[in-house]
Amino acid sequence: MHPLKVQAVYQDTGVPAYKGNPFIEALPPLLEAFTQTRNLKSGTVPSFQDLNAPRVVRSHSIARLSDDFFQPLNNHILLTEKISLMIRGGYVGRNPCTGDLQKHLQNGYERIQKGDLNAFKFESVKSTAQSMLLIGCSGYGKTTSLIRTLSAYPQVIYHRNFNIEQVVYLKIDCSHNGSLKEICLNFFRALDQVLDTNYEKQYGLKRYNIQALLTKMSQLANAHALGLLAIDEIQHLSRSKSGGSQEMLNFFVTMVNTIGVPIMLIGTPKAREIFEADFRSARRGAGFGAIFWEPLPEYIDDQLNPEWVAFTDNLWKQQLLNQRDEFLSDEIRHVWYDLSQGIIDIVVKLFVLAQLRAIAANKERITSKLLHQIYNEELKPVHPM
């Protein structure tokens, strides 16, 4: 069996609308968003053995912090809750036990035959899917947070009774040129990776037009009971050829409203102009709301922000320096904020680079002066931002 695939085990969720729906009852049990998010936390306090490891070993462990450290924030609780609601809600209208899934598949076949994304055979079948926007500047941890949150779900669940491989989520990137064809190819490629299929070769290498590729993409999304399609780097659509972004947005609306697959669009603030261009796109794009991620503020109502304090305190504990200060001083915390402006990626980078410099200089302690040095010498590309 593929390492990403698990056998379906069904459990009643306690939600009447979900009862008897195998696609929902095979998912992990419902948890409070706070509990589920807390489970994503990573990073353990280094042991005496870790602190006394050779310098080269400690340097490699420090460098891993950029990828390994994760501290859940309030934003993550909201994201976890919305993803849970979107995945489960989207399956309500695609229950294989009630015939709804089969109607969706029949409608998909009709679209392929006619080459029209809006064609249908059964008018009565309704979508329960929602869409959502996640907007934030680079370095705010959008993609990392999404991947961490989705990791709480098995990616593929095999239902023996229905002979269906349910793909709970799929994350793809929008290509740099905003090409619709590339989005489709990325979709086929991502499905191939989790299912060991040949869809990219089957559809991507043939001379299908965009409309044909989109109908095949939508049919595969239903055939594999796709729970959530996350499309990252959505801001690239705004740089595409005339009409490209509008055509893609129309497709997103069709995927959600007609085909019934929840879609989450992730991008930088540049993506906002795509949706603000006309009311219809804005309304449909943010059907389940839009989350705008801002940098962590240092103060809230003249008080130190508890999230900033908790984040920096937990990160400070990850030090592998022999002469480290046990507690983070207010002075260093303020300098740290001043240099990073609360952008998570820069906060962690400063911490990692300062430790590596301290070890190399054989002065194993982080100071305000050292943080300023690192910022001025190693983070010049981010100064204008």
Side-chain angles (χ1 to χ4, degrees), residues 40-73 75-76 136-148 232-233 268 293-299 304-305 307-385:
L40 301 175
K41 184 177 177 180
S42 65
T44 53
V45 178
S47 66
F48 179 78
Q49 199 172 0
D50 296 328
L51 291 169
N52 285 286
R55 288 197 302 174
V56 64
V57 172
R58 285 185 287 137
S59 295
H60 280 262
S61 296
I62 289 165
R64 292 296 313 151
L65 271 177
S66 297
D67 294 319
D68 295 344
F69 179 77
F70 186 78
Q71 166 72 25
L73 304 168
N75 276 338
H76 300 124
C137 286
S138 245
Y140 287 14
K142 303 180 302 296
T143 304
T144 306
S145 304
L146 176 70
I147 292 168
R148 286 265 183 180
D232 206 352
E233 309 292 358
T268 65
W293 279 13
E294 305 288 345
L296 274 178
E298 186 179 13
Y299 287 91
L304 262 176
N305 177 7
E307 276 204 298
W308 169 245
V309 172
F311 187 87
T312 45
D313 279 350
N314 282 321
L315 190 51
W316 189 256
K317 290 173 187 171
Q318 306 300 310
Q319 273 186 80
L320 288 170
L321 302 179
N322 286 335
Q323 296 166 39
R324 66 181 192 165
D325 292 320
E326 191 175 345
F327 298 105
L328 174 59
S329 69
D330 290 341
E331 181 211 350
I332 290 181
R333 198 193 312 272
H334 175 67
V335 169
W336 205 354
Y337 188 87
D338 195 41
L339 300 177
S340 68
Q341 291 300 299
I343 297 170
I344 298 299
D345 186 51
I346 308 299
V347 173
V348 178
K349 274 193 171 71
L350 270 169
F351 182 66
V352 167
L353 293 171
Q355 285 194 80
L356 293 176
R357 177 76 67 92
I359 284 181
N362 209 16
K363 295 177 181 175
E364 300 204 8
R365 184 169 173 261
I366 294 177
T367 61
S368 299
K369 183 182 175 184
L370 178 59
L371 288 174
H372 275 289
Q373 272 182 344
I374 294 297
Y375 177 78
N376 291 326
E377 295 170 20
E378 299 196 43
L379 291 176
K380 281 181 183 173
V382 302
H383 288 191
M385 288 164 267

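Residue numbers run from 1 in the order of the sequence given.
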Exercise. Do Lys142 side-chain atoms and Gly136 backbone N/O form a donor-acceptor pair below 3.5 Å?
Worked result: yes

Output for pair (Tyr140 OH, Asp345 CG), nearest 0.5 Å, gives 11.0 Å

Please test Arg64 against Val352 for side chain to side chain contact (heavy atoms under 4.5 Å, CB included), starting from the C-alpha separation and ending with a verdict.
CA-CA 9 Å; Arg64 292 296 313 151; Val352 167; over 6 Å; no

Correct closest heavy-atom pair for Ala354 and Leu371 would be CB-CD2, 4.0 Å

Could you walk me through whether Trp316 and Phe327 satisfy the ring pair (Phe, Tyr, Trp, His ring centres under 6.0 Å) test, starting with their C-alpha distance in whole Å, then the side-chain angles of each, then the deciding distance to 0.1 Å, before giving a yes or no?
CA-CA 8 Å; Trp316 189 256; Phe327 298 105; over 10 Å; no

>> Whether Arg333 and Asp313 form a salt bridge (side-chain N of Lys/Arg under 4.0 Å from carboxylate O of Asp/Glu) is what I want to check.
In response: yes

State, yes or no, whether a side-chain contact exists between Ile344 and Gln71 at a heavy-atom distance under 4.5 Å. no

Review point. Are any of the side-chain nitrogens in Arg357 or Glu378 under 4.0 Å away from the carboxylate oxygens of its partner?
Key: yes

Ser368 and Ile332 have their tightest heavy-atom pair at OG-CG1, 3.7 Å

Derivation of the ring pair (Phe, Tyr, Trp, His ring centres under 6.0 Å) call for Phe69 and Phe311
CA-CA 11 Å; Phe69 179 77; Phe311 187 87; 5.7 Å; yes

task = Ignoring hydrogens and angles, tell me if any N or O in the side chain of Thr312 forms a donor-acceptor pair with the backbone of Val309 under 3.5 Å.
result = yes

* Is there a side-chain contact between Ser145 and His76 (heavy atoms, below 4.5 Å)? -> yes

_Looking at Ser47, is its backbone amide N or carbonyl O close enough to the side chain of Asp50 to form a donor-acceptor pair, meaning the two atoms are under 3.5 Å apart?_
yes

- Task: Tell me whether the centres of the aromatic rings in His334 and Trp308 are closer together than 6.0 Å.
- Result: no

dist Ile343:CD1 -> Leu296:CG (nearest 0.5 Å) comes out at 10.5 Å

Under a 4.0 Å N-O cut-off, is there an ion pair linking Arg365 with Asp325? yes

Interatomic distance, CD@Gln318 vs CG@Leu320, rounded to 0.5 Å, equals 8.0 Å

Query - Donor-acceptor pair, side chain of Glu364 and main chain of Leu321, under 3.5 angstrom - result: no

Residues at least two apart in sequence or cross-chain that pass side-chain hydrogen bond (donor to acceptor under 3.5 Å, both in side chains) with Gln373, listed by chain then number, are none

message = What I'd like to find out is whether the side chain of Lys380 reaches to under 4.5 Å of the side chain of Tyr375, using heavy atoms alone.
response = no

Please tell me if the side chains of Ile366 and Phe351 come closer than 4.5 Å, counting only heavy atoms from C-beta onward.
yes

Do the side chain of His372 and the main chain of Lys369 share a donor and acceptor less than 3.5 angstrom apart? no

How about Gln49: does its CD atom have over 12 heavy atoms from other parts shown lying under 6.0 Å from it?
no

- For the residue pair Cys137 and Thr268, establish whether any side-chain heavy-atom pair is separated by less than 4.5 Å. no

Side-chain (Gln319) to main-chain (Gln355) donor-acceptor, under 3.5 angstrom: no

Is there a side-chain contact between Ile62 and Ile359, using heavy atoms and a 4.5 Å cut-off?
yes

* Do Tyr337 and Val347 come within less than 4.5 Å of each other through their side chains, counting heavy atoms only? -> no

The reported gap from CZ in Phe70 to CD1 in Ile147 (rounded to nearest 0.5 angstrom) is 10.5 Å

When rounded to the nearest 0.5 Å, the distance separating CD of Glu294 from CG of Asn75 is 9.0 Å

(Q) Apply side chain to side chain contact (heavy atoms under 4.5 Å, CB included) to residues Leu328 and Lys317 and explain how you reach the verdict. (A) CA-CA 9 Å; Leu328 174 59; Lys317 290 173 187 171; over 6 Å; no

Shortest non-hydrogen pair, Asp67 vs Arg148, comes out as O-NH2, 3.7 Å

Nearest heavy-atom approach of Pro295 to Gln341 is CB-O, 3.3 Å

How about Asn305 and Tyr299: do any of their side-chain heavy atoms sit closer than 4.5 Å?
no

